[in-house]
Amino acid sequence: MVDAELLRCAGLFVMRDFLPVDLCARLRDEAARSRLHKAGIFRGEKILMDERIRRTEGACLPETLQSAIDERFQTIMPDLGRHFDHVLTGRQPAQLLAYQRGSFFRPHQDNSGSSGLPPDVTDRLVSAVVFLGRQTRLPEPGSYCGGALTFFRLRGPGGTNRVRTEVWGEEGLLVAFPATGTIHEVRPVTHGPRYSLVTWFTGGDRSEQDAGGT
Ligand SMILES: O=C(O)CCC(=O)C(=O)O
Ligand SMILES: [Fe+2]
């Protein structure tokens with residue numbers, strides 16, 4: 001369940017079927033087979049494992065699937081840049097994430113701009129999340145429950161301020177948002193696993209480029 005219009009109205013970039021269902025299924029299979037490692041959070045230069053804030057695991061993204069994913073992200077880069085008023089020139093390697101029952105990621109922004117963070121974080125301009133599975137209210141074969149990607153204080157229709165906006169996963173759905181200032185969380189998964197791909201686009205402001213151009 002995603003009200004794409006609502007998210008668009010709040011300035012997010014939404015694309016259904018960004019990845020084809022067969023590619024989503026292959027990625028889920030790979031993640032299920034892969035050795036998983038605990039994913040951390042940045043505190044200054046350090047990566048901290050704090051399971052009160054984030055309980056998520058990372059899986060290996062096989063090279064055989066990497067090029068298909070890169071190609072898809074590459075195609076939307078100009079549109080994303082226009083949408084968020086940036087000149088996007090690069091992208092950080094996509095991460096394949098696995099959330100088992102009980103996993104979550106508490107409210108955070110992907111680039112808080114705090115001093116002392118490594119360039120990997122401060123370079124992030126636009127965050128993109130791709131859902132590889134489907135969220136349902138009750139367990140169904142192949143679905144997950146809980147785990148809504150929840151945004152806080154998004155602008156609503158008519159300039160209202162929505163307290164919370166939930167995005168329920170659909171296979172292949174992409175949601176992109178500014179890496180700085182967009183507070184979001186992954187609600188606890190109650191039936192899993194939930195799989196997603198995340199990546200960050202980098203580059204510069206349009207205005208900076210215009211000022212520098214001749
Ligand atoms: O898995 C998701 O849906 C989002 C993950 C996330 O917010 C992050 O990795 O920063
Ligand atoms: Fe995030």
Side-chain angles (χ1 to χ4, degrees), residues 1-2 7 14 16-43 46-66 68-69 72-73 92-111 120-121 124 127-152 164-177 179 182-200:
M1 210 182 359
V2 52
L7 297 178
V14 185
R16 285 199 154 105
D17 304 318
F18 167 74
L19 287 187
V21 288
D22 57 326
L23 184 52
C24 292
R26 285 174 69 194
L27 285 162
R28 288 197 307 271
D29 287 351
E30 289 293 342
R33 263 206 298 268
S34 158
R35 263 172 73 130
L36 300 174
H37 56 270
K38 284 189 196 316
I41 48 168
F42 278 98
R43 274 295 169 273
K46 293 209 177 79
I47 297 186
L48 213 78
M49 298 298 163
D50 185 339
E51 293 214 326
R52 289 165 307 177
I53 299 177
R54 187 179 199 193
R55 199 173 297 165
T56 309
E57 289 171 303
C60 291
L61 194 50
E63 267 181 37
T64 44
L65 298 182
Q66 192 80 59
I69 292 166
R72 287 301 294 137
F73 280 123
Q92 296 177 358
Q95 298 176 10
L96 177 55
L97 299 176
Y99 298 76
Q100 311 294 346
R101 191 173 116 130
S103 295
F104 56 80
F105 194 173
R106 297 270 179 242
H108 65 281
Q109 26 181 336
D110 292 343
N111 175 4
D120 269 3
V121 177
R124 296 172 174 174
S127 306
V129 176
V130 185
F131 294 88
L132 301 176
R134 181 169 60 96
Q135 182 181 344
T136 53
R137 212 164 56 78
L138 297 172
E140 286 178 21
S143 78
Y144 64 90
C145 302
L149 178 63
T150 303
F151 292 92
F152 297 88
R164 305 160 56 94
T165 310
E166 287 194 349
V167 180
W168 284 37
E170 288 172 13
E171 274 179 291
L173 168 73
L174 172 133
V175 176
F177 49 92
T182 311
I183 302 179
H184 57 285
E185 78 169 316
V186 177
R187 298 289 301 147
V189 170
T190 55
H191 168 79
R194 171 197 195 272
Y195 297 115
S196 58
L197 264 188
V198 293
T199 190
W200 292 278

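All of these numbers come straight from a predicted model, not from anything done at the bench.
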Distance (rounded to the nearest 0.5 Å) between Leu149 CG and Gln135 CD | 9.5 Å
Determine, step by step, whether Ile47 and Phe42 satisfy the side-chain contact (heavy atoms from CB on, under 4.5 Å) criterion, reporting the C-alpha distance in whole Å, the side-chain angles of both residues, the deciding distance to 0.1 Å, and the verdict.
-> CA-CA 5 Å; Ile47 297 186; Phe42 278 98; 3.6 Å; yes
Looking at Thr136 and Ser143, what are the two nearest heavy atoms and their distance?
-> OG1-OG, 2.6 Å
Report the distance from atom CG of Leu27 to atom CG of Leu197, rounding to the nearest 0.5 Å.
-> 5.5 Å
Could you state the interatomic distance from OG (Ser127) to CD (Gln92), rounded to the nearest 0.5 Å?
-> 9.5 Å
Got a second to check how far Asn111's CG is from Arg124's CZ, nearest 0.5 Å?
-> 7.5 Å
At what distance, to the nearest 0.5 angstrom, does OG1 of Thr190 lie from CZ of Arg101?
-> 8.0 Å
Hey, are the side chains of Leu61 and Ile69 touching, using non-hydrogen atoms and a 4.5 Å cut-off?
-> yes
Over all heavy atoms of both residues, which pair between Ala31 and Leu36 is shortest? Give the atoms and the distance, please.
-> O-CD2, 3.9 Å
Closest contact, heavy atoms only, Gly172 versus Cys24 = N-SG, 3.5 Å
Ring geometry between Phe177 and Phe151 (parallel below 30°, tilted from 30 to 60°, perpendicular above 60°) | perpendicular
Gln100: what forms a side chain to side chain donor-acceptor pair (under 3.5 Å) with it, not counting sequence neighbours?
-> none
Above 12 or not: heavy atoms from other molecules or residues under 6.0 Å from CZ of Arg164?
-> yes
Of all residues at least two apart in sequence or in a different chain, which pass the salt bridge (Lys or Arg N to Asp or Glu O under 4.0 Å) check with Arg55?
-> Glu51
Sequence neighbours excluded, the answer for side chain to side chain donor-acceptor pair (under 3.5 Å) partners of Thr182 is none
With distance as the sole criterion, is a donor-acceptor pair present between the side chains of Trp168 and Glu170 under 3.5 Å?
-> no
Keeping the roles fixed (side chain from Thr199, backbone from Ala128), state whether a donor-acceptor pair exists under 3.5 Å.
-> no
Within the distance-only criterion (no hydrogens, no angle test), does the side chain of His184 pair as donor or acceptor with the backbone N or O of Phe152 below 3.5 angstrom?
-> no
Keeping the roles fixed (side chain from His37, backbone from Arg35), state whether a donor-acceptor pair exists under 3.5 Å.
-> no
Quick check: does any side chain N or O of Ser34 sit under 3.5 Å from a backbone N or O of Cys60, one acting as donor and the other as acceptor?
-> yes
Mind checking the NZ-CZ spacing from Lys38 to Arg54? Nearest 0.5 Å is all I need.
-> 12.0 Å
Identify the heavy atoms of Ser196 and Val129 that sit nearest to each other, and give their distance.
-> CB-CG1, 4.4 Å
Any side-chain heavy-atom pair from Val167 and Phe131 closer than 4.5 angstrom?
-> yes
Does CZ in Arg134 sit with more than 12 non-hydrogen atoms of other residues, nucleotides or ligands closer than 6.0 Å?
-> yes
Does the side chain of Arg26 come within less than 4.5 Å of Leu65's, by heavy atoms?
-> yes
Sub-6.0 Å ring centroid separation between Phe73 and Phe18 | yes
Gly192 and Tyr144: which non-hydrogen atoms are nearest, and at how many Å?
-> CA-CB, 4.2 Å
Are any of the side-chain heavy atoms of Glu171 and Arg28 separated by less than 4.5 Å?
-> yes
Cation-pi geometry met for Arg194 and Tyr99 (6.0 Å, 45°) | yes
